[in-house]
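Each chain gets a letter, A, B and so on, in the order its sequence line appears, and its residues count up from 1. What you see is a predicted model; the values in this text were computed from it and never measured.
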Amino acid sequence: GIQVEQSPPDLILQEGANSTLRCNFSDSVNNLQWFHQNPWGQLINLFYIPSGTKQNGRLSATTVATERYSLLYISSSQTTDSGVYFCAVQTINDYKLSFGAGTTVTVRA
Amino acid sequence: GAVVSQHPSWVICKSGTSVKIECRSLDFQATTMFWYRQFPKQSLMLMATSNEGSKATYEQGVEKDKFLINHASLTLSTLTVTSAHPEDSSFYICSASQLGGALGGYTFGSGTRLTVV
């Protein structure tokens, strides 16, 4: 099956800092999503971004499908940004959504 | 946007009993729903694909007789953990999509935290 690798595994930020999370995948995809899992376990869909660039407030994401990676940018981080960020992908021939191991982000005041 | 409702949010049960978890798509029909399990500080692992009107497809290593899945309608899938044991304690999450993820991706329920004592 497809391999999804996220880096870094852990990230500690000072409030106000910017950061970049990376997701590499091993096959062509027709769906890529970034999620934020809050402390209660809820998975919040941040972006549906199989290709291109999107922005939503302080967050933005870019997927370069031909090079099989995606980046999630967090600008002016806030303590509420803390949590685990997951990248998940789906290949053309499969309905399954495969998750990376996640990046745990801790934003300190 | 697409909303997936999952109940209960948490449940504590005695070892040997069964627990049923419901997953509903509130504003769309879902012919396919997915059930995931997540252990502490780990990623989500797909357990099974729930297909409306037919048998579920289980991932390798998941006991189909222990984790019963029923997808009786286009808006409801249920996961029943039968004869639960402490090792079944975990966070269970369902997901669904209107068009197999091709448009807009997948939406997840809020999850069910199961504790077996």
Side-chain angles (χ1 to χ4, degrees), chain A residues 1-7 9-10 21 23-25 28-52 54 56 61 63 65 70 72 82-106, chain B residues 1-6 8-11 21 23 30-52 54 56-62 71 90-115:
Chain A
I2 190 169
Q3 303 300 310
V4 184
E5 296 182 353
Q6 290 187 242
S7 60
D10 299 281
L21 283 59
C23 173
N24 293 333
F25 42 96
S28 298
V29 299
N30 67 339
N31 176 16
L32 187 146
Q33 290 179 254
W34 282 97
F35 295 94
H36 175 216
Q37 188 169 39
N38 65 25
W40 298 271
Q42 173 84 53
L43 275 174
I44 309 298
N45 183 26
L46 299 176
F47 294 103
Y48 165 76
I49 187 166
S51 64
K54 291 185 178 179
N56 184 1
T63 297
S70 183
L72 177 69
S82 296
V84 184
Y85 290 80
F86 288 105
C87 167
V89 301
Q90 177 189 11
T91 60
I92 293 173
N93 298 317
D94 202 343
Y95 280 108
K96 301 175 186 177
L97 202 59
S98 298
F99 280 77
T103 293
T104 301
V105 174
T106 303
Chain B
V3 178
V4 174
S5 175
Q6 187 173 341
S9 299
W10 59 270
V11 58
I21 303 170
C23 180
T31 56
T32 304
M33 293 184 176
F34 300 89
W35 288 96
Y36 292 81
R37 180 168 53 184
Q38 184 182 31
F39 291 108
K41 298 194 182 299
Q42 294 187 21
S43 187
L44 281 75
M45 296 301 295
L46 181 65
M47 297 175 64
T49 302
S50 171
N51 303 299
E52 188 269 335
S54 65
T57 304
Y58 291 83
E59 295 299 299
Q60 191 172 6
V62 178
H71 195 153
S90 187
F91 191 60
Y92 294 87
I93 315 176
C94 69
S95 76
S97 171
Q98 286 182 275
L99 291 171
L103 290 177
Y106 287 87
T107 302
F108 283 75
S110 55
T112 297
R113 197 164 301 280
L114 171 64
T115 303

- prompt: Quick one: CG on Leu46(B) to CG on Leu97(A), what's the gap to the nearest 0.5 Å?
  reply: 9.0 Å

query: Does any non-hydrogen side-chain atom of Leu44(B) lie less than 4.5 Å from one of Phe35(A)?
result: no

task: Would you please indicate yes or no on a ring centroid separation below 6.0 angstrom for Phe108(B) and Phe99(A)?
output: yes

- prompt: Do Leu43(A) and Gln38(B) have side chains that get closer than 4.5 Å, going by heavy atoms?
  reply: no

query: What is the distance from atom NZ of Lys96(A) to atom OH of Tyr36(B), rounded to the nearest 0.5 Å?
result: 9.5 Å

query: Checking heavy atoms, do the side chain of Ser110(B), its backbone, both or neither come under 4.5 Å from chain A?
result: both

- line: Closest non-hydrogen atoms of Arg113(B) and Trp40(A), given as atom of the first, atom of the second and distance, are NH2-O, 3.9 Å

Over all atoms of both residues, closest heavy-atom pair of Phe91(B) and Gly41(A): CE2-O, 3.4 Å

- line: What one should report as the nearest heavy-atom pair of Ser43(B) and Ala101(A) is CB-CA, 4.0 Å

- request: Find the distance between OG1 (Thr107(B)) and CD (Gln33(A)) and round it off to the nearest 0.5 Å.
  value: 7.5 Å

